[in-house]
Amino acid sequence: MALARRRPETKAQFDQLKAIIRRESLLTGGEFKLASGAQSSVFFDMKKTLFDPEGASLVGELILDAIAGDNVEFVGGLELGAVPIATAVCVKSVGARRPLKGFFVRKEPKGHGTNKLVDGQFRDGADVIVLEDVTTTGGSSLKAVNAVRERGAKVRKVVTIVDRLEGAEAAFAKDGIELVALFDRNDFLDH
Ligand SMILES: O=P(O)(O)OC[C@H]1O[C@H](OP(=O)(O)OP(=O)(O)O)[C@H](O)[C@@H]1O
Ligand SMILES: O=C(O)c1cc(=O)[nH]c(=O)[nH]1
């Protein structure tokens, strides 16, 4: 797993975002059931960071910086975590040479209205980056990857805010996808 590059210009923002995640999202000492069904005594409640004004702004800026060299048109991922992230990145891309558009993949088609699985801004066959708030097994991101690949999209990279170092990187590698993380669990925990 590659940690996103900390350039001298972005180091202060990384430090600020890390402090917000530690203050708002890091939960230790409880017993939490994870999306995979596993139990953990550590939980990153990332929505608290993503719905914090400064947290959302920093996430948008740092992810936009992390993908600056990628030639993609769309960013998005599985609901719910990817929704505020994609919005933050899109907002921060306004004024860029090529602003990014955002999509989200529903866990289930909603059964009425347009009944879309992939919603928001999306074009079949496009180059996309999948976004995630926290990666554990990587299963949730892979649902998003598979949904957009069924629509012909090309996905080479998942960008997560925190990687828990519990298998996502290897799961993505099998599908030819690189994992880039702003932080990993070692940024927040001693073990
Ligand atoms: O890498 P994984 O093993 O898939 O675990 C990580 C996923 O778990 C959480 O989602 P959750 O299912 O709790 O959904 P939410 O975003 O709708 O709260 C988190 O937002 C990731 O999407
Ligand atoms: O694996 C998960 O489900 C998970 C882990 C975590 O730290 N935070 C979260 O929201 N989900």
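Whatever order the structure lists them in is the order used to number ligands and atoms, beginning at 1.
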Undergrad: Under 4.0 Å from a heavy atom of Gly138: which atoms of ligand 1 are those, numbered in the order shown and with their elements?
TA: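 Result: 1 (O), 2 (P), 3 (O).
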
Undergrad: Does any donor atom in the side chain of Ser40 or Arg164 lie under 3.5 Å from an acceptor atom in the other side chain?
TA: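 There is such a pair between these side chains.
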
Undergrad: Answer yes or no: does an N/O atom from Ser141 fall short of 3.5 Å to an N/O atom of ligand 1?
TA: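 No, there is no polar N/O contact under 3.5 Å.
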
Undergrad: Counting only heavy atoms, which portion of Ala35 has something under 4.0 Å from ligand 1: side chain, backbone, both, or neither?
TA: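 Within the 4.0 Å criterion, Ala35 contacts ligand 1 through side-chain atoms alone.
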
Undergrad: What is the minimum heavy-atom distance between Phe183 and Phe14, and which atoms define it?
TA: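 Phe183 and Phe14 have their closest heavy atoms at CZ-O, 3.4 Å.
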
Undergrad: Look only at interatomic distance and state if Val134 has a nitrogen or oxygen under 3.5 Å from any nitrogen or oxygen of ligand 1.
TA: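 No.
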
Undergrad: Determine whether more than 12 heavy atoms belonging to other residues, nucleotides or ligands lie under 6.0 Å from atom NZ of Lys157.
TA: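 Atom NZ in Lys157 is packed in, count exceeds 12.
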
Undergrad: Should Thr135 and Asp163 be marked as a side-chain hydrogen bond (donor to acceptor under 3.5 Å, both in side chains) after you check the CA-CA gap, both sets of side-chain angles, and the distance that decides it?
TA: CA-CA 5 Å; Thr135 38; Asp163 181 40; 2.8 Å; yes

Undergrad: Do Asn71 and Asp127 touch side chain to side chain, with heavy atoms closer than 4.5 Å?
TA: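 A side-chain contact under 4.5 Å is absent here.
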
Undergrad: Taking all heavy atoms of Phe104 and all of Glu79, pick out the closest pair and write down the distance.
TA: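 For Phe104 versus Glu79, the nearest heavy atoms are CD1-CB, 4.4 Å.
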
Undergrad: In ligand 2, which numbered atoms sit nearer than 4.0 Å to a non-hydrogen atom of Phe44?
TA: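 Every atom of ligand 2 under 4.0 Å from some heavy atom of Phe44: 6 (C), 7 (O), 8 (N), 9 (C), 10 (O).
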
Undergrad: If you measure from the Lys or Arg side-chain nitrogens to the Asp or Glu carboxylate oxygens, is any gap between Asp119 and Lys110 under 4.0 Å?
TA: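 No.
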
Undergrad: Is the shortest distance from a Lys or Arg side-chain nitrogen in Glu61 or Lys92 to a carboxylate oxygen in the other one below 4.0 Å?
TA: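 So Glu61 pairs with Lys92 through a salt bridge.
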
Undergrad: Looking only at distances, please establish whether an N/O atom of ligand 2 is found under 3.5 Å from an N/O atom of Thr136.
TA: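 In this structure, Thr136 places an N or O atom under 3.5 Å from an N or O of ligand 2.
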
Undergrad: Report the nearest protein non-hydrogen atom to atom 3 (O) of ligand 2: residue, atom name, distance rounded to 0.1 Å.
TA: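 I find the closest protein heavy atom is Ala35 N, 2.7 Å.
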
Undergrad: Do NZ/NE/NH1/NH2 and the carboxylate oxygens of Lys48 and Asp52 come within less than 4.0 Å?
TA: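 No, Lys48 and Asp52 are not salt-bridged.
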
Undergrad: Nearest heavy-atom pair of Ala168 and Leu179: which atoms, and what distance?
TA: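 Taking every non-hydrogen atom into account, CB-CD2, 4.2 Å.
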
Undergrad: Starting from atom 11 (N) of ligand 2, find the nearest protein heavy-atom neighbour and note its residue, name and distance.
TA: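 Protein heavy atom with the smallest distance to atom 11 (N) of ligand 2: Phe43 CE1, 3.5 Å.
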
Undergrad: Please report whether ligand 1 has a polar contact with Thr135, defined as an N or O pair separated by less than 3.5 Å (distance criterion only).
TA: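 No, there is no polar N/O contact under 3.5 Å.
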
Undergrad: Taking C-beta and beyond as the side chain, do Leu62 and Ile161 meet within less than 4.5 Å on heavy atoms?
TA: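 With C-beta onward as the side chain, the pair stays apart.
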
Undergrad: How far is atom 3 (O) of ligand 1 from its nearest protein heavy atom, and which residue and atom name does that atom have?
TA: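 Sorting protein heavy atoms by distance from atom 3 (O) of ligand 1 puts Thr137 OG1, 2.5 Å first.
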
Undergrad: With a 4.0 Å cut-off, would you call Arg7 and Glu9 a salt bridge?
TA: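 Yes, this pair counts.
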
Undergrad: Examine Lys47 against ligand 1 and note whether any of their N/O atoms are separated by less than 3.5 Å.
TA: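 In this structure, Lys47 places an N or O atom under 3.5 Å from an N or O of ligand 1.
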
Undergrad: Answer yes or no for atom 22 (O) of ligand 1: protein heavy atom present at a distance under 4.0 Å?
TA: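 Yes, because at least one protein heavy atom sits under 4.0 Å from atom 22 (O) of ligand 1.
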
Undergrad: For atom 4 (O) of ligand 1, what is the closest protein heavy atom, and at what distance to 0.1 Å?
TA: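 Here the nearest protein heavy atom works out to Ser140 OG, 2.6 Å.
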
Undergrad: Could you say whether the N/O atoms of Leu34 and ligand 2 ever approach to under 3.5 Å?
TA: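 For ligand 2, there is no N or O atom that lies under 3.5 Å from one belonging to Leu34.
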
Undergrad: Considering both backbone and side-chain atoms of Arg164, is one of its nitrogen or oxygen atoms within less than 3.5 Å of a nitrogen or oxygen in ligand 2?
TA: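 Yes; at least one N/O pair falls below 3.5 Å.
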
Undergrad: Looking only at protein heavy atoms, identify the closest one to atom 11 (P) of ligand 1 and say how far it is in Å.
TA: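 Scanning the protein heavy atoms, the shortest distance from atom 11 (P) of ligand 1 goes to Lys107 NZ, 4.0 Å.
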
Undergrad: With a heavy-atom distance limit of 4.0 Å, tell me whether Asp133 approaches ligand 1 through its side chain, its backbone, both, or neither.
TA: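 The answer is the side chain.
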
Undergrad: For ligand 1, which part of Glu166 has a heavy atom less than 4.0 Å away: the side chain, the backbone, both, or neither?
TA: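 It is neither; nothing of Glu166 touches ligand 1.
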
Undergrad: Sequence neighbours left out, cut at 3.5 Å: what donor-acceptor pairs do the side chains of residues 28-38 make with other protein atoms?
TA:
| residue | atom | partner | partner atom | Å |
| --- | --- | --- | --- | --- |
| Glu31 | OE2 | Gln39 | NE2 | 3.3 |
| Ser36 | OG | Ala38 | N | 3.4 |

Undergrad: Is at least one protein non-hydrogen atom found at under 4.0 angstrom from atom 19 (C) of ligand 1?
TA: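 Neighbour list for atom 19 (C) of ligand 1 includes protein heavy atoms (cut-off 4.0 Å).
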
Undergrad: For ligand 1, is there an N or O atom under 3.5 Å from any N or O atom of Leu80?
TA: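 Yes: some nitrogen or oxygen of Leu80 is under 3.5 Å from one in ligand 1.
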
Undergrad: Which atoms from ligand 2 have a heavy atom of Val134 less than 4.0 Å away?
TA: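 Close to Val134: 6 (C), 7 (O), 8 (N), 9 (C), 10 (O), 11 (N).
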
Undergrad: Does Asp133 reach the side chain of Val162, with side-chain heavy atoms less than 4.5 Å apart?
TA: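 A side-chain contact under 4.5 Å is absent here.
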
Undergrad: Side chain, backbone, both or neither: which part of Glu132 comes within less than 4.0 Å of ligand 1 when only heavy atoms are counted?
TA: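 It is the side chain that gets close, since no backbone atom is under 4.0 Å.
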
Undergrad: Counting only heavy atoms on the protein side, is anything nearer than 4.0 Å to atom 13 (O) of ligand 1?
TA: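 Under the 4.0 Å cut-off, atom 13 (O) of ligand 1 has no protein heavy-atom neighbours at all.
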
